[in-house]
Asker: 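Quick one: this structure, given as structure tokens, is what I'll be asking you about.
Values reported hereafter were calculated over all heavy atoms of this structure, with side chains retained and with hydrogens, waters and symmetry mates removed.
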Amino acid sequence: MIIFKLKNKIKQLAILAIIVSVILGITGRILAQSDSEKNSTDSKKTPAHSDNPSQQDRGLPSRGLPENLPNSDRLPTLQRGQAQSSNENPFDPEVVRATSRRSLGNIVKTLEDDERFQTLIEIIKLANLDSELEKPGLIVLFAPTEEAFNELPVELYDSLILPENRSQLIQLLKNHLYRGEISTDDLQRGEIQTLNGQVVRVKVNSNNDEVQLNEVTAKPSEFILTQNESALIVPINRLLFAPNLEIENSKTENQ
């Protein structure tokens, strides 16, 4: 009898163990399915990993772009040394000052240090006009370069620097000097008078990248403002006025 009851008890425990095992198996499958669905949802929200880390991966805040950004193609651009407006006066010291075309020396020092003006500074000193250039107040020098003097016949230049022709040399140089600032009114009028009283026709093109001086073309991009804005140097590759000088040697050769 006792043995029968023991066997019956063992059967009951086995059945109970089976029931518990089944319940645990079902619960495990439910939990596994729930985790799988959760991971699937998270994968849709989080972008896949790539070689280029996102802002969040780099620790940077995620910021949206502002609306109505201007078109970059329509933004105005301004190159260094370019006039901001076609109405600007290229001779205005403020316009030149806004560029890098400035010299730390005075006008004489600036000419001496620039190889384009070696002949010019020599004849300026020969005519004793270096002191005239350093007087107080702005002076504009239409500065002939080496190219300009190379266009002169050798006989004419040699005669021009002779002591007996010193007055003609001085007049020639003063025809390339203007005392004061060339104003917008001067440009609208289309002419200025040099230190020697000669008239120079002036015309600025619509883009401000060239200035016509008589038959000579000057480039505002090459203008130089000297120390303390005491002088404005305007390089030109031809003389504004031809020397008024007769050459005896040329007459002899032509006969």
Asker: Might you point out which heavy atoms bring A218 and P235 nearest each other, and give the distance in Å?
Answerer: CB-O, 3.9 Å

Asker: If I take atom NZ from residue K125 and atom OG from residue S131, how far apart are they, to the nearest 0.5 angstrom?
Answerer: 12.5 Å

Asker: If only atom types and distance count, is the side chain of H176 paired as donor or acceptor with the main-chain N or O of L240 below 3.5 Å?
Answerer: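 Between the backbone of L240 and the side chain of H176 there is a qualifying donor-acceptor contact (under 3.5 Å).
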
Asker: Is there side-chain contact between L225 and S103, with at least one heavy-atom pair below 4.5 Å?
Answerer: no

Asker: Counting only N and O atoms by type, is there a donor-acceptor contact under 3.5 Å from the side chain of N205 to the main-chain atoms of D209?
Answerer: yes

Asker: Determine whether E134 and S230 make a side-chain contact, defined as any pair of heavy atoms from C-beta on separated by less than 4.5 Å.
Answerer: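 E134 does not reach S230 side chain to side chain.
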
Asker: Got a salt bridge between K203 and E191, using NZ or NE/NH1/NH2 to carboxylate O under 4.0 Å?
Answerer: no

Asker: Look only at the side chain of Q118 and the backbone of E146, and say whether a donor-acceptor pair between them is shorter than 3.5 Å.
Answerer: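 Flag not set: sc Q118 to bb E146 has no pair under 3.5 Å.
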
Asker: Can a donor-acceptor pair be found, under 3.5 Å and without considering hydrogens, that links the side chain of S159 to the backbone of L156?
Answerer: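 Not confirmed, S159 side chain does not pair with L156 backbone.
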
Asker: Closest approach of Y157 and T119, non-hydrogen atoms and distance?
Answerer: OH-CG2, 3.6 Å

Asker: Measure the shortest side-chain to side-chain distance between T145 and I236 over non-hydrogen atoms and say whether it is less than 4.5 angstrom.
Answerer: no

Asker: For residues 104-144, which residue pairs qualify under ring-ring contact (aromatic ring centres under 6.0 Å, His included), counting only residues two or more places apart or in two chains?
Answerer: none

Asker: Drop me the distance from L120's CG to E112's CD, to the nearest 0.5 angstrom.
Answerer: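 Here the rounded value is 11.0 Å.
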
Asker: Counting only N and O atoms by type, is there a donor-acceptor contact under 3.5 Å from the side chain of N165 to the main-chain atoms of Q168?
Answerer: no

Asker: Quick one: pull up CG in D92 and CG in L187 and give me the separation to the nearest 0.5 Å.
Answerer: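 Atom-to-atom, D92:CG and L187:CG are 10.0 Å apart.
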
Asker: How far apart are the C-alpha atoms of N228 and N106, what are their side-chain angles, what is the distance that settles it, and do they pass the side-chain contact (heavy atoms from CB on, under 4.5 Å) test?
Answerer: CA-CA 8 Å; N228 300 325; N106 61 17; over 6 Å; no

Asker: Count I, L, V, M, F, W, Y as connected when their side-chain heavy atoms are under 4.5 Å apart, and connections chain through other members. Are I161 and L129 then in the same cluster?
Answerer: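 Hydrophobic grouping puts I161 with L129.
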
Asker: Check whether N89 reaches the backbone of I182 with its side chain - one donor and one acceptor, N or O, closer than 3.5 Å.
Answerer: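 Checked: pair present.
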
Asker: Going through the checks in order, is the side-chain contact (heavy atoms from CB on, under 4.5 Å) test met by L141 and I107?
Answerer: CA-CA 9 Å; L141 169 63; I107 185 170; 3.9 Å; yes

Asker: Closest approach of P90 and E88, non-hydrogen atoms and distance?
Answerer: CD-O, 3.3 Å

Asker: So does A231 get a backbone contact from the side chain of T226, meaning a donor-acceptor N/O pair under 3.5 Å?
Answerer: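 Yes, the answer is positive, given that a donor and an acceptor are paired below the 3.5 Å cut-off.
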
Asker: Among L160, L169, I121, find the one that has a side-chain contact (heavy atoms from CB on, under 4.5 Å) with L126.
Answerer: L169

Asker: For E151 and E147, indicate whether the former's side chain and the latter's backbone hold a donor-acceptor pair under 3.5 Å.
Answerer: no

Asker: Show your working on salt bridge (charged side-chain N to carboxylate O under 4.0 Å, His left out) between R238 and E215 and close with a plain yes or no.
Answerer: CA-CA 9 Å; R238 288 176 58 190; E215 306 302 324; over 6 Å; no

Asker: Considering non-hydrogen atoms only, spot the tightest contact between R102 and R97 and give its length.
Answerer: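 Closest heavy-atom pair between R102 and R97: NH1-CG, 3.3 Å.
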
Asker: Would T217 and Q212 count as having a side-chain donor-acceptor pair, cut-off 3.5 Å?
Answerer: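 Looking only at side-chain atoms, Q212 and T217 do form a donor-acceptor pair, the distance falling under 3.5 Å.
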
Asker: To the nearest 0.5 Å, how far apart are CD1 in I139 and CG in L177?
Answerer: 4.5 Å

Asker: Just wondering, more than 12 heavy atoms not from E164 lying within 6.0 Å of its CD?
Answerer: yes

Asker: To the nearest 0.5 Å, what is the distance between CZ on R189 and OG on S183?
Answerer: 6.5 Å

Asker: What heavy-atom pair brings L173 and A127 nearest, and what distance separates the two atoms?
Answerer: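 Reported closest heavy-atom pair: CD1-CB, 3.8 Å.
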
Asker: Donor-acceptor pair, distance only, cut-off 3.5 Å: does the side chain of N214 make one with the backbone of V216?
Answerer: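 Absent.
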
Asker: Are any non-hydrogen side-chain atoms of I224 and D114 less than 4.5 angstrom apart?
Answerer: yes

Asker: Got a second to check how far D185's CG is from I192's CD1, nearest 0.5 Å?
Answerer: 13.5 Å

Asker: Might you point out which heavy atoms bring I233 and A143 nearest each other, and give the distance in Å?
Answerer: CG2-CB, 3.8 Å

Asker: Quiz question: by atom type and distance under 3.5 Å, do the side chains of N175 and Q198 form a donor-acceptor pair?
Answerer: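 Side chains of N175 and Q198: no pair found under 3.5 Å.
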
Asker: With sequence neighbours excluded, tell me which residues meet side chain to side chain donor-acceptor pair (under 3.5 Å) with E132.
Answerer: K135, R179

Asker: Does any pair with a residue in residues 178-236 pass ring-ring contact (aromatic ring centres under 6.0 Å, His included), and if so which ones, sequence neighbours excluded?
Answerer: F91-F223

